[in-house]
Amino acid sequence: MNNRESPIIWLTGMSGSGKTTLSNDLESFFMKHKYGVYVLDGDDIRAKDEEKLGFGHEDVMKNNLRISDLCKTLRKRYDVIVIPVISPYGDVRIKVRSILEPNFHLIYLKSDIESLRRRDTKGLYSKSDKGIIKDLIGYSETNPYEEPNNAELVVETSNEVSIDESREKLFSYIKKNIF
């Protein structure tokens with residue numbers, strides 16, 4: 001594979017939509033098939049940064065552009081890079097796409113709010129309901145999640161859809177369009 005254009009699989013969706021779960025599944029899938037894979041989790045990047053960023057538009061832009069820069073470097077060393085990151089703003093995703101094309105794949109993990117609240121893997125929705133978190137992306141009126149209108153794939157991850165169904169839809173796309 002030409003590593004200069006190694007595929008970038010950018011998983012976007014609200015907190016609890018399954019980005020980390022499905023990125024771990026993708027990592028296992030690629031390793032099983034002997035591809036060099038790197039998962040660059042948005043939460044891990046934030047935790048390691050010296051400059052602590054918030055979740056407003058400018059900080060999200062800065063964080064996503066940092067991730068994009070890392071992707072450009074990692075493309076030279078890996079066959080595929082998987083990025084699970086909320087990435088809530090359309091203009092930020094457009095900028096990221098322009099930096100990382102060609103072979104950039106935006107995958108939107110779509111889940112309804114009730115499923116996310118029930119799942120609440122990090123306790124963020126509960127904290128938001130209690131007023132502890134004031135600007136939870138996609139849940140507060142002040143910090144929206146803009147659904148992508150240019151995703152290569154939309155994977156439904158609401159509670160009514162099994163994780164196996166979501167995984168199968170994603171893997172089918174990967175097999176058909178990437179490898």
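In what follows, every heavy atom counts, from backbone to side chain, and hydrogens, waters and symmetry copies are set aside. Computed from a predicted structure; not experimentally measured.
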Fill in the blank from the handout: dist Ser6:OG -> Leu100:CG (nearest 0.5 Å) comes out at 11.5 Å
Handout entry: Linked, directly or transitively: Ile133 and Tyr125 (ILVMFWY side chains, under 4.5 Å)
Key = yes
Exercise for the section: Output yes when a side-chain donor or acceptor of Ser158 lies under 3.5 Å from a complementary backbone atom of Asp112, and no otherwise. Expected result: yes
Handout entry: Val85 side chain reached by Trp10 side chain, heavy atoms, under 4.5 Å
Key = yes
Exercise for the section: Could you go through the side chain to side chain contact (heavy atoms under 4.5 Å, CB included) check for Leu109 and Met14 one step at a time? Expected result: CA-CA 8 Å; Leu109 304 183; Met14 289 178 47; over 6 Å; no
Problem - Side-chain ion pair, Lys72 and Glu101, N-O less than 4.0 Å - result: no
Practice task
Provide the closest heavy-atom pair for Asn103 versus Arg75 in the form atom of the first, atom of the second, distance.
Solution key: O-NH2, 3.4 Å
Handout entry: Smallest separation among heavy atoms of Glu156 and Ser111, with atom names
Key = OE2-CA, 4.1 Å
Handout entry: Sidechain N-carboxylate O distance under 4.0 Å for Arg97, Glu152
Key = yes
Practice task
Indicate whether any N or O donor in one side chain lies under 3.5 Å from an N or O acceptor in the other, for Asp129 and Tyr139.
Solution key: yes
Practice task
Look at the side chain of Ser126 and the backbone N and O of Gly123, then say whether any donor-acceptor pair between them is shorter than 3.5 Å.
Solution key: no
Problem - Minimum heavy-atom distance between Leu40 and Pro84, given as atom pair plus value - result: O-CD, 3.4 Å
Handout entry: Full working for side chain to side chain contact (heavy atoms under 4.5 Å, CB included) between Ile67 and Asn63
Key = CA-CA 6 Å; Ile67 293 169; Asn63 184 55; 3.9 Å; yes
Problem - salt_bridge(Lys110, Glu147) N-O dist < 4.0 Å - result: yes
Completion exercise
What one should report as the nearest heavy-atom pair of Ser15 and Leu124 is OG-CD1, 3.3 Å
Practice task
Please check if Leu11 and Met31 belong to a single hydrophobic cluster, counting links between Ile, Leu, Val, Met, Phe, Trp and Tyr side chain heavy atoms closer than 4.5 Å.
Solution key: yes
Practice task
Working to the nearest 0.5 Å, report the span between CG of Leu170 and CG of Leu22.
Solution key: 6.0 Å
Practice task
Verify the distance criterion only: is there a donor paired with an acceptor across the side chains of Tyr38 and Asp79 at less than 3.5 Å?
Solution key: no
Problem - Ile113 reachable from Val154 in the ILVMFWY side-chain graph, under 4.5 Å edges - result: yes
Practice task
Flag the pair Phe29 / Val37 as yes when at least one side-chain heavy-atom distance between them is below 4.5 Å, and no otherwise.
Solution key: no
Problem - Donor-acceptor contact below 3.5 Å, side chain Thr21 vs main chain Gly18 - result: no
Exercise for the section: Return each pair, listed once, that meets salt bridge (charged side-chain N to carboxylate O under 4.0 Å, His left out) where at least one residue sits in residues 15-29; pairs must be two or more places apart or across chains. Expected result: Asp25-Arg167
Problem - Distance-only polar pair, side chains of His57 and Asn143, donor-acceptor under 3.5 Å - result: no
Problem - Separation between CD1 of Ile9 and CD1 of Ile83, rounded to the nearest 0.5 Å - result: 9.5 Å
Exercise for the section: Would you tell me whether Thr12 and Tyr145 have side-chain atoms, one donor and one acceptor, within less than 3.5 Å of each other? Expected result: yes
Problem - Test item: Ser23 side-chain N/O and Val82 main-chain N/O as donor-acceptor pair under 3.5 Å - result: no
Practice task
Hey, can you tell me if His105 and Tyr173 have their rings parallel, tilted or perpendicular (30° and 60° cut-offs)?
Solution key: perpendicular
Practice task
Measure the CZ-SG distance between Arg66 and Cys71 for me, rounded to the nearest 0.5 Å.
Solution key: 14.5 Å
Exercise for the section: Determine whether Lys95 and Leu65 make a side-chain contact, defined as any pair of heavy atoms from C-beta on separated by less than 4.5 Å. Expected result: yes
Problem - All pairs passing salt bridge (charged side-chain N to carboxylate O under 4.0 Å, His left out) where residues 133-143 contributes a residue, at least two apart - result: none
Problem - Interatomic spacing from CG in Leu116 to CG in Asp120 - rounded to 0.5 Å - result: 8.5 Å
Practice task
Could you verify whether a donor N or O on one side chain and an acceptor N or O on the other, from Asn64 and Ser87, lie under 3.5 Å apart?
Solution key: yes
Problem - Closest non-hydrogen atom pair, Ser115 against Asn159 - result: OG-N, 2.9 Å
Exercise for the section: Report the distance from atom OG1 of Thr157 to atom CD1 of Ile163, rounding to the nearest 0.5 Å. Expected result: 7.5 Å
Handout entry: Side-chain touch Lys122/Lys127, heavy atoms, less than 4.5 angstrom
Key = no
Completion exercise
Of all heavy-atom pairs linking Pro88 and Ile137, the shortest is CB-CG2, 3.5 Å
Practice task
Could you check if a side-chain atom of Leu26 sits within less than 4.5 angstrom of a side-chain atom of Phe171, using non-hydrogen atoms only?
Solution key: yes
